[in-house]
Amino acid sequence: TLRKELDLYANIRPTYNFDNLDFVIIRENTEGLYVKKEYYDEKNEVAIAERIISKFGSSRIVKFAFDYAVQNNRKKVSCIHKANVLRVTDGLFLEVFEEMSKHYEKLGIKSDDYLIDATAMYLIRNPQMFDVLVTTNLFGDILSDEAAGLIGGLGMSPSANIGDKNGLFEPVHGSAPDIAGKGISNPIATILSAAMMLDHLKMNKEAEYIRKAVKKTVECKYLTPDLGGNLKTFEVTEKIIESIRSQMIQ
């Protein structure tokens, strides 16, 4: 509801392990199958869902992805689609991407495109081939959860929802009611989401403090059970806070 009401059309989901893995999935956040336009034809016993892809929505998310690449010293943007089958909807999305990429090539940003099913395989076999990926709502949702599996799970995955006037920052994971009250949830995705918020507010130095502290905490194996550790949520958080403080007094 917040995404819709605040028109937070760009969902940014970075995937990095502080070592050899660093790519970003930028997902369109307001269209596609998630518009929830579906109905049941009782006469023919057929359930039907409408997939909405507009030129306006495609243009602004593709532009956002290319601008993100420019602003963050990224080298390439990949369009992820299924235009060989969804010729009208994904065909439009790909067409917008190809047209817009011509401008950004002049700025040194390379571009390519991959089918969604092939991308799902490439993310497992060779994730280093990607830099920035831009895609539609459902595809982005699925791929970003797959990407989280490369770095230890959803407890390591932050995200940002950005519009022209507002921003919303949250971990990719949900509320995990099955472990509520046990003190074992991984706080890192939430803390890294706070770092993304600080970046958005142009507080890049403070954001970097957080990321360096998380990196040190992970390298020192101060981890919750989901990552093979035995620390509680608050203990991991305290380790990160200690590292931030040590950076600030140096």
Side-chain angles (χ1 to χ4, degrees), residues 3 7-16 21-35 49-151 157-164 167 172 196:
R3 292 177 184 177
D7 196 25
L8 306 175
Y9 61 87
N11 182 241
I12 309 171
R13 296 190 173 186
T15 299
Y16 51 89
L21 199 60
D22 184 5
F23 62 87
V24 180
I25 296 174
I26 295 181
R27 159 193 169 194
E28 202 290 318
N29 225 7
T30 63
E31 297 187 335
L33 284 170
Y34 285 10
V35 297
E50 295 184 18
R51 185 173 190 261
I52 309 298
I53 304 293
S54 71
K55 187 169 186 178
F56 171 76
S58 299
S59 296
R60 67 178 182 175
I61 193 63
V62 169
K63 184 178 186 302
F64 185 96
F66 275 110
D67 286 343
Y68 181 93
V70 172
Q71 294 162 9
N72 292 274
N73 298 313
R74 298 279 177 167
K75 304 301 182 185
K76 184 181 72 166
V77 179
S78 302
C79 178
I80 311 303
H81 62 90
K82 192 63 177 174
N84 61 327
V85 175
L86 303 171
R87 296 181 184 275
V88 178
T89 50
D90 269 17
L92 174 60
F93 191 81
L94 179 58
E95 179 184 323
V96 168
F97 176 85
E98 290 177 336
E99 183 61 31
M100 197 169 292
S101 67
K102 296 174 184 177
H103 167 71
Y104 287 91
E105 285 177 4
K106 300 174 184 177
L107 301 178
I109 306 298
K110 297 179 181 179
S111 64
D112 55 19
D113 69 278
Y114 297 94
L115 297 175
I116 177 63
D117 43 349
T119 303
M121 177 186 68
Y122 295 147
L123 276 182
I124 299 301
R125 296 186 62 179
N126 185 24
Q128 288 81 9
M129 66 186 283
F130 294 111
D131 195 352
V132 176
L133 301 84
V134 62
T135 189
T136 53
N137 208 333
L138 178 61
F139 292 165
D141 195 7
I142 294 170
L143 287 180
S144 56
D145 277 22
E146 179 191 11
L150 299 173
I151 57 173
S157 299
S159 78
N161 302 275
I162 305 296
D164 292 333
V172 172
M196 294 184 73

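Because the structure is a prediction, the values reported are computed rather than measured.
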Can you name the ring-ring contact (aromatic ring centres under 6.0 Å, His included) partners of Tyr114, sequence neighbours left out? Tyr122, Phe130
How many angstroms lie between CD1 in Ile162 and OH in Tyr9, if you round to the nearest 0.5 Å? 9.0 Å
Across all chains, not counting sequence neighbours, the side-chain contact (heavy atoms from CB on, under 4.5 Å) partners of Glu95 are none
When rounded to the nearest 0.5 angstrom, what is the spacing between OG1 in Thr136 and CG in Asn29? 11.5 Å
With sequence neighbours left out, the residues meeting side-chain hydrogen bond (donor to acceptor under 3.5 Å, both in side chains) with Thr15 are none
Using modelled atom types only, decide if a donor and an acceptor are shared between the side chain of Lys82 and the backbone of Asp117 within a distance under 3.5 Å. no
Within a strict 4.5 Å, meaning less than it, do heavy atoms of the Leu123 and Phe23 side chains meet? yes
Hey, could you give me the CG/CG distance between Asn84 and Leu115, rounded to the nearest 0.5 Å? 4.5 Å
Does NZ in Lys76 sit with more than 12 non-hydrogen atoms of other residues, nucleotides or ligands closer than 6.0 Å? yes
Which pair of non-hydrogen atoms, one from Pro158 and one from Pro14, has the smallest distance, and what is that distance? O-CD, 3.6 Å
Could I get the full list of salt bridge (Lys or Arg N to Asp or Glu O under 4.0 Å) partners for Asp131, not counting sequence neighbours? Arg74
Donor-acceptor under 3.5 Å (Asn137 side chain, Glu31 main chain): yes
Qualifying residues under side-chain hydrogen bond (donor to acceptor under 3.5 Å, both in side chains), relative to Asp145, sequence neighbours excluded: none
Any residue meeting side-chain contact (heavy atoms from CB on, under 4.5 Å) with Thr89, in chain and number order, not counting sequence neighbours: Arg51, Ile53, Leu86
Residues Leu33 and Glu50: closest non-hydrogen pair is CD2-O, 3.9 Å
Quick one: list whatever passes ring-ring contact (aromatic ring centres under 6.0 Å, His included) with Tyr34, sequence neighbours left out. none
Atom pair OG (Ser58) and CD (Glu99), whose distance is rounded to the nearest 0.5 Å: 13.5 Å
Here the gap from Ser159 atom OG to Met196 atom CE, rounded to the nearest 0.5 Å, amounts to 6.5 Å
Are the side chains of Leu150 and Ile124 in touch, meaning some heavy atoms are under 4.5 Å apart? yes
Pairwise side-chain contact, Phe139 with Asp90, heavy-atom cut-off 4.5 Å (strictly under): yes
Could you list the residues that satisfy side-chain contact (heavy atoms from CB on, under 4.5 Å) with Val70, not counting sequence neighbours? Tyr104, Leu107, Ile109
Sorted by chain and number, sequence neighbours left out, side-chain hydrogen bond (donor to acceptor under 3.5 Å, both in side chains) with Arg60 holds for Asp7
Do Glu105 and Ser111 have side chains that get closer than 4.5 Å, going by heavy atoms? yes
Which distance, rounded to the nearest 0.5 Å, do you find between the CD1 of Ile61 and the CZ of Arg27? 10.0 Å
Test: ring-ring contact (aromatic ring centres under 6.0 Å, His included). Region: residues 77-102. Which pairs qualify, not counting sequence neighbours? Phe66-Phe97
Would Val96 and Lys55 count as a side chain to side chain contact (heavy atoms under 4.5 Å, CB included) if you check the C-alpha gap in whole Å, the side-chain angles of each, and the deciding distance to 0.1 Å? CA-CA 7 Å; Val96 168; Lys55 187 169 186 178; 4.1 Å; yes
Please assess Glu98 against Leu94 for the test side chain to side chain contact (heavy atoms under 4.5 Å, CB included), listing each intermediate value before the final yes or no. CA-CA 6 Å; Glu98 290 177 336; Leu94 179 58; 3.8 Å; yes
With Thr135 via side-chain hydrogen bond (donor to acceptor under 3.5 Å, both in side chains) - residues at least two apart: none
If you define the side chain from C-beta out and look only at heavy atoms, does anything of Ser78 sit under 4.5 Å from Ile80? yes
Could you pull out all residues at least two apart from Gln71 that satisfy side-chain contact (heavy atoms from CB on, under 4.5 Å)? Asp67
Heavy-atom pair of closest approach, residues Ala65 and Val132: O-CG1, 4.2 Å
Between Asp141 and Asn11, is a side chain to side chain contact (heavy atoms under 4.5 Å, CB included) present by the stated rule, with each step listed? CA-CA 9 Å; Asp141 195 7; Asn11 182 241; over 6 Å; no
Minimal heavy-atom distance between Ile25 and Ala147, with the atoms involved, is CD1-CB, 4.2 Å
